[in-house]
Amino acid sequence: QVQLVESGGGLVQAGGSLRLSCEASGRTSSISAMGWFRQAPGKEREFVASKAKSGGVPTYLDPVKGRFTISVDSVQNIVYLQLNNLNPEDTAVYYCAATSRFINWRTESGFDFWGQGTPVTVYS
């Protein structure tokens, strides 16, 4: 099993930035990729970004391209999500996810382990 603990969410004004962190523990050697999803009020959870633990090109949800950056520290088993130029539409609970699979890194079904979520609220 893998345990994930997120941190870094909060309240920020539109145009501001936040950095989310997620530390993995347990059977971290089994992790092939890590990612972030989010769930806005009244909406379904959606993919935000993912990246292989070993490196490589990350994948992003189109509306966050150029504003969000995912990075993975494979030694410390931490995944980060840098959120820049935030807007109110980014308000959501952000969830960290990890997987031992090698496909479907843009879907919930592609991830095996989930954190509890950290809220991000953007006000205008």
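Fair warning: this is a prediction, and the values are worked out from it, not measured in the lab.
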Could you check L83 against Y94 for side-chain contact (heavy atoms from CB on, under 4.5 Å), going step by step and ending with a plain yes or no?
CA-CA 11 Å; L83 293 73; Y94 283 72; 4.1 Å; yes

Do the non-hydrogen side-chain atoms of [X] and [Y] ever get within less than 4.5 Å of each other?
X	Y	result
C96	W36	yes
T121	V12	no
T107	F47	no

State whether the side chain of [X] and the backbone N or O of [Y] hold a donor-acceptor pair below 3.5 Å, judged by distance alone.
X	Y	answer
S50	G35	no
Y80	D73	no
E6	Q116	yes
T99	G110	yes

For the [atom1] atom of [X] and the [atom2] atom of [Y], what is their distance to the nearest 0.5 Å?
X	Y	atom1	atom2	result
T91	K43	OG1	NZ	10.5 Å
D112	I31	CG	CD1	10.0 Å
Y60	T69	OH	OG1	4.5 Å
E23	Q3	CD	CD	11.0 Å
R67	L86	CZ	CG	6.5 Å
N85	F68	CG	CZ	9.0 Å

Could you tell me which non-hydrogen atom of [X] sits nearest to which non-hydrogen atom of [Y], and how far apart they are?
X	Y	value
Q13	V122	C-CG1, 4.1 Å
L4	F113	CD1-O, 3.4 Å
K53	N77	NZ-OD1, 2.9 Å
S17	N84	OG-OD1, 3.0 Å
K51	G56	CE-O, 3.2 Å
S32	S100	OG-C, 3.3 Å

Within a reach of under 6.0 Å around CZ of R27, are more than 12 heavy atoms found that belong to other residues, nucleotides or ligands?
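Atom CZ in R27 is not packed in, count stays at 12 or less.
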
Side chains of N104 and S109: donor-acceptor distance under 3.5 Å anywhere?
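No, no side-chain donor-acceptor pair sits under 3.5 Å.
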
Step by step, would you call V2 with S30 a side-chain contact (heavy atoms from CB on, under 4.5 Å)?
CA-CA 9 Å; V2 173; S30 68; 4.0 Å; yes

Using a 6.0 Å distance limit plus a 45 degree cone around the ring axis, check whether R101 lies over the aromatic ring of F111.
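Negative - R101 is either too far from the ring of F111 or too far off its axis.
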
My understanding is that only one of V93, D90, L81, V120 makes a side chain to side chain contact (heavy atoms under 4.5 Å, CB included) with R38; could you say which?
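Per the side chain to side chain contact (heavy atoms under 4.5 Å, CB included) rule, the option paired with R38 is D90, out of V93, D90, L81, V120.
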
Step-by-step ring pair (Phe, Tyr, Trp, His ring centres under 6.0 Å) determination, F37 to Y95:
CA-CA 5 Å; F37 289 72; Y95 295 89; 8.7 Å; no

